[in-house]
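Worksheet for the structure shown next.
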Protein chains: 2
Amino acid sequence: MKNRLKVLRAENDYTQEDLAEFIGVSRQTINAIEKGKFDPSLPTAFRISKFFKLPIEDIFDYEEG
Amino acid sequence: MKNRLKVLRAENDYTQEDLAEFIGVSRQTINAIEKGKFDPSLPTAFRISKFFKLPIEDIFDYEEG
DNA sequence: AAATAATGTAAATAACACTTTACATTAAAA
DNA sequence: TTTTAATGTAAAGTGTTATTTACATTATTT
């Protein structure tokens, strides 16, 4: 699953550390999500969504396969 | 996190078994999600979302706390 | 160029999502 | 009312999400 986290962070001028604190996860978790190492849990996705004031679908791109 | 799975299933006349097969998880997983035992993973939430043709936000209700 | 901030990555561990098997309860149909 | 379908639940196991600590690399500032 792809995501626009890095771009959204850049647009709003946040570091991975900043975002991690706001969302309530570790910096490594944000990094791993950005790098596509794993997908966030649904609760984490919701927090990211609310933080950027964007629907989950506008941040995460699910493609079947 | 609350969800409208049971209602959506009823509206479309699907059993937990039906939904489980369509989504690609076990019936117990659907049951557990409905019963609030745990939240689905983001990929599973996306599959449910696409199946019902509704945004994730219209199916799952995240409340902070 | 040297110091500092930001990011990438890894190992060990904990917590959670999900599976299978199995059985009990509830609802619906014959 | 007896059978069958649907749902609820539990235990044991697997894989994934997230944590902490720690260090290396890449940018940015000074």
Side-chain angles (χ1 to χ4, degrees):
Chain A
M1 178 144 39
K2 292 173 184 172
N3 69 74
R4 307 207 314 119
L5 237 66
K6 190 173 177 176
V7 173
L8 290 170
R9 255 195 327 105
E11 284 175 0
N12 296 84
D13 206 40
Y14 297 127
T15 67
Q16 292 184 343
E17 178 84 53
D18 291 336
L19 185 55
E21 280 174 22
F22 286 130
I23 300 307
V25 296
S26 70
R27 177 181 67 81
Q28 286 81 347
T29 290
I30 296 297
N31 186 14
I33 294 167
E34 281 190 9
K35 288 275 151 186
K37 298 216 170 172
F38 52 71
D39 299 320
S41 69
L42 186 55
T44 297
F46 261 105
R47 278 185 239 112
I48 292 170
S49 163
K50 293 211 167 175
F51 181 71
F52 286 116
K53 297 190 173 67
L54 287 172
I56 289 176
E57 287 82 356
D58 284 10
I59 303 176
F60 298 93
D61 176 39
Y62 179 71
E63 32 199 327
E64 1 233 322
Chain B
M1 177 145 38
K2 293 174 184 173
N3 69 74
R4 306 207 312 118
L5 237 65
K6 189 173 178 177
V7 173
L8 289 170
R9 255 195 328 106
E11 284 175 358
N12 297 84
D13 206 39
Y14 297 128
T15 66
Q16 292 184 343
E17 178 84 52
D18 291 336
L19 186 54
E21 280 173 23
F22 286 130
I23 301 308
V25 296
S26 70
R27 178 181 67 80
Q28 286 80 348
T29 291
I30 297 297
N31 187 9
I33 294 167
E34 282 190 9
K35 288 276 151 186
K37 297 213 171 176
F38 52 72
D39 299 320
S41 69
L42 186 56
T44 297
F46 260 104
R47 279 185 239 114
I48 293 170
S49 164
K50 293 211 166 175
F51 180 71
F52 286 116
K53 297 190 173 69
L54 288 172
I56 290 176
E57 287 82 356
D58 283 11
I59 303 176
F60 299 93
D61 176 37
Y62 181 70
E63 33 199 328
E64 0 233 322

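To find a chain, count down the sequence lines: A is the first, B the second, and so on, and within it residues start at 1.
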**OP:** May I ask you to evaluate whether A/R9 reaches the phosphate of C/dA6, defined as a side-chain N or O under 4.0 Å from OP1 or OP2?
**Re:** no
Subject >> side-chain N/O B/S41 vs D/dT16 OP1/OP2, d < 4.0 Å >> reply: no
Original post:
What is the distance, rounded to the nearest whole Å, between atom CG of A/D13 and atom C1' of D/dT28?
Top reply: 13 Å
Subject >> Side chain to side chain, A/L5 and A/L19, heavy atoms closer than 4.5 Å >> reply: yes
Original post:
Does OP1 or OP2 of D/dT7 have a side-chain N or O of B/N31 closer than 4.0 Å?
Top reply: no
Subject >> 4.5 Å side-chain heavy-atom contact, B/I33 and B/F60 >> reply: yes
**OP:** Report the distance from atom CD1 of B/I30 to atom P of C/dT20, rounded to the nearest whole Å.
**Re:** 13 Å
**OP:** Please state how far atom CZ in A/F60 lies from atom C1' in D/dT17, giving the value in whole angstrom units.
**Re:** 13 Å
Subject >> Residue whose nearest DNA chain D nucleotide is more 5′ - A/L42 or B/Y14 >> reply: B/Y14
Original post:
Does the side chain of A/R47 come within less than 4.5 Å of A/F22's, by heavy atoms?
Top reply: no
**OP:** Tell me which nucleotide among C/dA17, D/dC23, D/dT7 gets nearest to the side chain of B/F38.
**Re:** C/dA17
**OP:** Ignoring the backbone of A/K37, work out which of D/dG8, C/dA10, D/dA18 is nearest its side chain.
**Re:** C/dA10
Subject >> Below 4.0 Å: OP1/OP2 of D/dA5 and any side-chain N or O of B/T15 >> reply: no
**OP:** Return the value, rounded to whole Å, for the distance between atom CD of A/Q16 and atom P of D/dT28.
**Re:** 14 Å
**OP:** Using only side-chain N and O atoms of B/S26, determine if any of them is under 4.0 Å from OP1 or OP2 of C/dT19.
**Re:** yes
Subject >> Distance test, side-chain N/O of A/T29 to OP1/OP2 of D/dT19, below 4.0 Å >> reply: yes
**OP:** Choose from D/dA18, C/dT9, C/dC18 the nucleotide whose nearest atom is closest to any side-chain atom of A/K35.
**Re:** C/dT9
**OP:** Please state whether the rings of A/Y14 and A/F51 are parallel, tilted or perpendicular, taking 30° and 60° as the class boundaries.
**Re:** tilted
Subject >> Spacing between B/E34 atom CD and C/dC18 atom C1', to the nearest angstrom >> reply: 16 Å
Original post:
Would you call B/L8 and B/L54 a side-chain contact if the rule is heavy atoms closer than 4.5 Å?
Top reply: yes
Subject >> Integer-rounded Å distance: C/dT7 P and A/L19 CG >> reply: 10 Å
**OP:** Let me know the distance between CD of B/E17 and P of C/dA27, rounded to the nearest Å.
**Re:** 19 Å
**OP:** Mark yes or no for a side-chain to base donor-acceptor pair under 3.5 Å between A/Q28 and D/dT17, with no hydrogen or angle criteria applied.
**Re:** no
Original post:
Within this structure, what is the CZ-to-P distance between A/R27 and D/dT25, rounded to whole angstrom?
Top reply: 15 Å
